[in-house]
Amino acid sequence: MTPHSKTYFASDFHLGVDADLSSLDREKMIIRWLDRISVDAREIYLVGDIFDYWFEYRHVVPKGYFRLFHKLNELIESGIPIHFFKGNHDLWQYEYLERDIGVTMHHGPYETTIDGSQFFIAHGDGLGPGDIKYKVIKGILTNRMCQRLFSILHPNFGLSMMRRMSHKSRNGHTLISSDPIITNQQCITFCKEHLATHPNTHYYVMGHWHHPLIHPIGPLNYYINLGDWVSYFSYGVWNGSSFDLAYYQE
Ligand SMILES: [Mn+2]
């Protein structure tokens, strides 16, 4: 196998919130993971909710994450492209990460071919039936005028408000079931419907539900949930011919 032949996927770091491990400890762990995979990574996809909350003002960004930003920039400079998806917790990102860190930002689902296989990559929020309340809220949060009004608030006030909102929403997203197929049902339903009209899609790679899973949805088609780096420390690896979930251990 040639070096730099693997594609890595991870999501839902939720940096900015302390869990069993503090945000800083998890950030340092993520950097050690990035160092490890940089040996054979060709591309890295970070599939949303990297930050637990984020708002980018015209001249101000939330402080912290310097270590992560530095590492991402270093990998990009070394020739490993990093794709960055907005999640439902950090959808207010504009050009800072793209311009200053060099990531390729995706504002919605992204379809691409990797080693001849067709991938559909998305954070996963708002996909599938139901969750009407969230879809309405997302409509408001992504509204330009609402964003402009919010940006008038002083960052000390605006960001602590976001932090509280984010905490509430996370509590609403604790695992629905101990069965990952049930937790992921909404996205699985979406993928099956999408597959009916796009039968060439081989892999649907998503985050959001925080419950790692590889689930067949067709003869050669799979739904993958990447889990999270709050409790699972899970990630996806595509080695050119197959997709696996792995769990980071020091
Ligand atoms: Mn999440």
Side-chain angles (χ1 to χ4, degrees), residues 8-27 29-30 33 44-56 62 64-65 68 72 82-93 97 103 105-110 120-128 130-131 133-135 137-138 141-142 159 161-191 204-215 223-236 245 247-248:
Y8 289 91
F9 302 81
S11 75
D12 295 272
F13 296 165
H14 285 269
L15 294 176
V17 71
D18 293 332
D20 287 346
L21 288 176
S22 71
S23 173
L24 185 59
D25 284 344
R26 289 187 293 115
E27 183 180 350
M29 199 188 259
I30 288 159
W33 170 69
I44 299 169
Y45 286 84
L46 300 179
V47 191
D49 281 2
I50 297 312
F51 309 110
D52 194 57
Y53 58 95
W54 179 272
F55 190 88
E56 201 172 309
Y65 322 118
L68 178 69
L72 294 179
I82 295 184
H83 297 262
F84 207 99
F85 288 69
K86 291 177 175 184
N88 51 307
H89 280 261
D90 51 10
L91 49 87
W92 289 350
Q93 307 184 70
L97 268 84
V103 303
M105 187 65 88
H106 297 285
H107 302 271
Y110 176 61
F120 180 105
I121 307 160
H123 180 60
D125 58 306
L127 297 183
D131 218 355
K133 197 172 128 203
Y134 171 69
K135 285 171 188 165
I137 292 172
K138 188 173 179 180
L141 295 179
T142 51
L159 286 168
M161 192 167 124
M162 283 201 114
R163 190 187 190 141
R164 281 197 300 276
M165 271 164 48
S166 164
H167 192 69
K168 266 193 187 153
S169 125
R170 199 175 44 256
N171 289 346
H173 270 195
T174 38
L175 295 185
I176 296 167
S177 162
S178 57
D179 180 349
I181 297 174
I182 295 174
T183 313
N184 283 284
Q185 198 53 59
Q186 224 172 285
C187 277
I188 293 173
T189 304
F190 167 83
C191 294
Y204 291 88
V205 184
M206 298 186 188
H208 189 54
W209 296 105
H210 293 232
H211 211 160
L213 173 69
I214 298 188
H215 184 64
Y223 165 80
I224 292 135
N225 189 275
L226 296 168
D228 68 18
W229 282 66
V230 181
S231 28
Y232 291 103
F233 307 96
S234 47
Y235 59 98
L245 280 178
Y247 296 82
Y248 179 73

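Order of appearance sets the numbers: ligands from 1, and atoms from 1 within every ligand.
- Side-chain contact, Asn88 with His208: a donor N or O sits under 3.5 Å from an acceptor N or O.
- Using bins of under 30°, 30° to 60° and over 60° for the plane-to-plane angle, the ring pair Phe85/Tyr45 lands in the tilted bin.
- At a cut-off of 3.5 Å, with distance as the only test, no side-chain donor of His211 or Asn225 sits close to an acceptor on the other residue.
- Nearest N, O or S atom of His14 to the Mn ion (ligand 1): atom NE2.
- The Mn ion (ligand 1) is closest to atom OD1 of Asp12 (considering only N, O or S atoms).
- Aromatic ring pairs are classed by plane angle as parallel below 30°, tilted from 30° to 60° and perpendicular above 60°; the pair Phe233 and Trp229 is perpendicular.
- Among the atoms of His210, an N, O or S atom falls under 2.8 Å of the Mn ion (ligand 1).
- The atom name of the N/O/S atom in Asp49 closest to the Mn ion (ligand 1) is OD2.
- Contacts of Lys135 classified as salt bridge (charged side-chain N to carboxylate O under 4.0 Å, His left out), with partners at least two apart in sequence or in another chain: none.
- Distances from the Mn ion (ligand 1) show that Asp228 has no N/O/S atom below 2.8 Å.
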